[in-house]
Amino acid sequence: TIKIAKDAFVEEIDFLGASLNIGSQSANFNTLSKYFPRILALTADAVINPLFTQEEFEKQQAQLIEGIKSGENSVDEIAGRVENALVYGKNHPYGEFTTETTAKNVTIEDVKNFYTTYFKPTNGYLVIIGDVNFKEVKKLVTASFGKWQKGTLPTTVIPEVKNVATTEINFINMPNAVQSSISVINAVDLKMSNPDYFPLLLANKIFGGGGEGRLFLNLREDKGYTYGAYSSIGNDERTSSTFKSSASVRNMVTDSSVVEFMKEIKTFRDTKISDEELKNAKAAYIGNFVMALERTTTVSSYALNIATKNLPADFYETYLQKINAVTVDDVQRVAQKYFSENNARIVIVGKAIDALPNLEKLPYKINYFDKEANATSKPELTKSLPAGVTKLSVINNFFKAIGGEEKIKALKSTFVTYEASAMGSTIQSAEKRTATHYANTMSMGGNILAKVIMTKDGVTMNKQPLPAPMASEMTNTLGTFLEMGLLNDEKAILTGIEPIEGNDAYVISTKGEVVSSSIYFDVASGLKVKESQTVSMGGQTQSQDATFSDYKAFNGVKFPGTKTGNLGPQTVEFKLIDAKINEGVTEADFN
C-alpha cells in the first residue's frame with residue numbers, strides 16, 4: 001500500500017496466520033478473532049490506499065499474456081470463450097474475452113482509472129462473520145473505513161440476450177483437437193427470488209448435476225462416449241444466465257453425442273421424472289446444504305445474497321422447506337419452460353476433418369466461427385493427395401530432409417538431450433534409440449522423474465510394465481527415429497493433407513485400440529512439424545501434442561532445435577542441448 005511496503009505487509013499477514021485476498025471488485029480475509037482488529041485495519045489500508053507500480057503491473061501483464069498463449073491450443077479454453085461470445089454477444093460483459101492484443105493494450109494508467117472509477121464504498125457491502133460484538137465491530141469499521149470517500153458510479157446498460165430462433169450448430173475448427181467439446185446452451189432469465197428457482201435446482205440435479213444424472217448415465221455409463229457429461233443452470237440479477245449441457249467426447253462420436261444430448265432434453269421435457277429420482281435429488285441437496293453451513297464463507301455468501309438479490313430475510317431459514325415442497329409436476333413444468341431442444345445453440349470445438357462429415361447429416365444448420373468467435377467459412381477438411389505420394393514417399397522425404405535417406409537408415413543409434421524451464425526448475429529429457437530399443441529419462445534438478453524403457457518384448461515406466469495392449473501399440477515406433485517404425489507398421493496409413501499453422505502437412509495416422517497417433521510432415525520442407533497422441537483406457541482419455549521447429553544439424557543429421565509440448569497443465573518449450581549419432585548408447589541404457 002502507499003503506507004506499507006509489500007514485503008512488510010505480506011510478512012505481517014503471514015505472521016498472524018491470516019489469509020487476505022484483494023481482487024478487482026472485492027476483498028476478503030480470514031483470521032483468528034484475536035487478530036481481527038489488525039487484519040481489518042490492513043484490509044482497509046489495502047482497499048483505500050493501494051499502490052499500483054509499473055513493476056508489479058508488468059509482472060501481472062506478462063503472466064496474463066503467457067496464460068493466453070498457453071491456452072491457444074486448448075480446446076476447453078477456446079470453447080469457454082467462444083461459447084460466451086456467441087451466446088451473449090461480444091458487446092455484452094459476459095461475451096468479452098481477453099486476447100494477447102487486448103492484454104497488451106492495457107496500461108498502468110488504465111488500472112489506476114479503473115480503481116478510482118469503480119472501487120468505491122457507494123455500492124459496497126461489508127459482511128463479517130465470527131465471534132464478534134456488533135457495537136465493537138462498528139467502531140472498528142468506522143475507524144478503519146470511515147475516511148473512504150463514496151462517489152458517483154457510471155451507469156451501465158447491459159444488452160438483451162436472446163436465444164437463436166431455431167436450433168443450430170456453431171462449429172469452431174481446432175485441427176489439433178483429439179476430442180470435441182460440446183455445449184448445448186439456452187439463455188434463461190432466472191433470479192434466486194423467482195419461484196422457479198428451487199424446482200430448477202432439482203431439475204438440473206436429476207438431468208445432469210453429477211454422476212447420477214441422466215446425461216452421465218447415458219453418455220458415460222451406457223454409450224462410453226466421454227469421461228463425464230453434465231449440466232448446469234445459472235442465475236443472475238442483472239442479465240440472462242444459461243442452461244448448459246456439456247461434455248468432451250471422442251471426435252468420431254461427436255454427432256452421436258449431439259443426438260443423445262438432444263434426445264435427453266426432449267425426454268426430460270416430455271415425460272415426468274420418477275418419485276425415486278426426485279427423492280434422491282432432494283436428499284443430495286439437503287445433505288450439501290447442511291454441510292455447507294459449517295463453513296463461515298457459506299454464511300457470509302448467504303448474508304450477501306439476501307442483501308443484494310432481493311431475497312426475503314428468511315430465504316435460507318426456509319430453504320429446506322422449499323426444497324421438500326417441490327413436486328414431480330413442478331420439475332416437468334420448469335423443464336418445459338427453461339429446457340429447449342428447439343432453440344438451443346450447440347457449440348462444438350473439434351477437429352473438422354473427423355467431426356464434420358457426420359454432423360452435416362444432422363437436421364441442424366451449421367455456422368462456422370474462428371477461435372475469436374468471428375464468422376468464417378466452412379473449413380477445408382482435407383486436400384487430395386498428389387499422384388505418387390504414399391506413406392513410404394513421405395517418410396523417405398523426411399529422411400532426405402534431415403540428412404539423406406541412405407544415411408538415416410544406416411544409423412545404429414541416436415542420443416538427444418533437451419532442456420526446459422518449468423515450475424522454477426530445469427527439466428532435462430534424454431532419449432536414446434537403436435533399431436530395437438528405446439529409453440527416455442525425464443529428470444529435474446538431477447532427480448529422475450520418469451524413465452521409460454521400450455523393447456520388442458514390452459514397455460516399462462519406472463520399472464513397472466505397462467499394460468500389454470498399450471505396450472504392443474507403442475513398440476511399433478521402435479527405431480533410431482520414430483519414423484523407422486512407421487515404415488513397417490501396417491496400421492500406420494497416409495490419411496491426407498491438413499493445414500498446420502497455415503501450412504499444408506501430410507498426415508500419417510495410426511488408430512489402435514488404446515494408442516492412436518498422428519504425425520504431420522510439412523509438404524514443402526518434408527520436415528516433421530507435429531505429433532499428436534491419444535491414449536484411451538479404463539474409460540479415461542489422455543491426449544498429448546508436440547510441435548517441432550528450428551531444426552539443427554549434428555554430424556550431418558538434423559534434429560528439432562525446439563520441441564513444444566505439455567507438462568501437466570503447463571505448455572513447456574524444450575531446447576535441444578546435444579545430439580549424438582552412433583555414440584553414447586550402450587546395452588546398459590536399456591536395463
Quick one: does [X]'s side chain have a donor or acceptor within less than 3.5 Å of a partner on [Y]'s backbone?
X    : Y    : value
N462 : Q464 : no
Y551 : K528 : yes
T226 : A229 : no
T414 : T480 : yes
R269 : F339 : yes
N186 : S340 : yes
D550 : T562 : no
E83  : V347 : no
N251 : A355 : no
N204 : L200 : no

If you count the non-hydrogen atoms of other residues, nucleotides and ligands that lie under 6.0 Å from [atom1] in [X], is the total more than 12?
X    : atom1 : result
K90  : NZ    : yes
E212 : CD    : no
E513 : CD    : no
Y94  : OH    : no
K558 : NZ    : no

Residues V75, Q179; criterion side chain to side chain contact (heavy atoms under 4.5 Å, CB included); working and verdict: CA-CA 8 Å; V75 172; Q179 288 188 302; over 6 Å; no
Could you report the tightest heavy-atom contact between [X] and [Y], atom names first, then the distance?
X    : Y    : answer
V389 : V394 : CG1-CG2, 3.8 Å
F243 : S231 : CE1-CB, 4.1 Å
V535 : Q533 : CG2-OE1, 4.1 Å
T475 : G458 : CG2-O, 4.4 Å
S257 : I182 : CB-CD1, 3.7 Å
M484 : G479 : CB-CA, 3.9 Å

Are any of the side-chain heavy atoms of [X] and [Y] separated by less than 4.5 Å?
X    : Y    : answer
F261 : L219 : yes
L482 : R433 : yes
H92  : I158 : yes
L356 : P379 : yes

Of V249, I346, N358, the residue whose pairing with V258 passes side-chain contact (heavy atoms from CB on, under 4.5 Å):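 Answer after filtering V249, I346, N358: I346.
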Salt-bridge present (E77, R81; N to O < 4.0 Å):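 Salt bridge flag = no for R81 with E77.
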Distance (rounded to the nearest 0.5 Å) between [X] [atom1] and [Y] [atom2]:
X    : Y    : atom1 : atom2 : answer
M454 : H437 : CE    : NE2   : 11.0 Å
M442 : Q428 : CE    : CD    : 10.0 Å
E168 : L86  : CD    : CG    : 8.5 Å
N396 : I408 : CG    : CD1   : 11.0 Å
K432 : T417 : NZ    : OG1   : 8.0 Å
N235 : L201 : CG    : CG    : 8.0 Å

Stepwise salt bridge (charged side-chain N to carboxylate O under 4.0 Å, His left out) check, E498 with K530: CA-CA 12 Å; E498 295 182 29; K530 182 180 176 180; over 6 Å; no
Side-chain donor-acceptor contact under 3.5 Å, K400 with N397: no
Test item: side-chain donor near acceptor, S509 and S518, under 3.5 Å: yes
Whether Y368 and F171 hold their rings parallel, tilted or perpendicular, with breakpoints at 30° and 60°: perpendicular
ring-ring contact (aromatic ring centres under 6.0 Å, His included) between F481 and F559, worked out: CA-CA 10 Å; F481 281 85; F559 298 86; 5.6 Å; yes
Evaluation steps, salt bridge (charged side-chain N to carboxylate O under 4.0 Å, His left out), between E260 and R220: CA-CA 11 Å; E260 294 304 318; R220 161 68 191 273; over 6 Å; no
Check: F574 ring centre within less than 6.0 Å of Y418 ring centre: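 No, ring centres 6.0 Å or more apart.
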Trace of the ring-ring contact (aromatic ring centres under 6.0 Å, His included) decision for F207 with F268: CA-CA 7 Å; F207 184 73; F268 202 82; 5.3 Å; yes
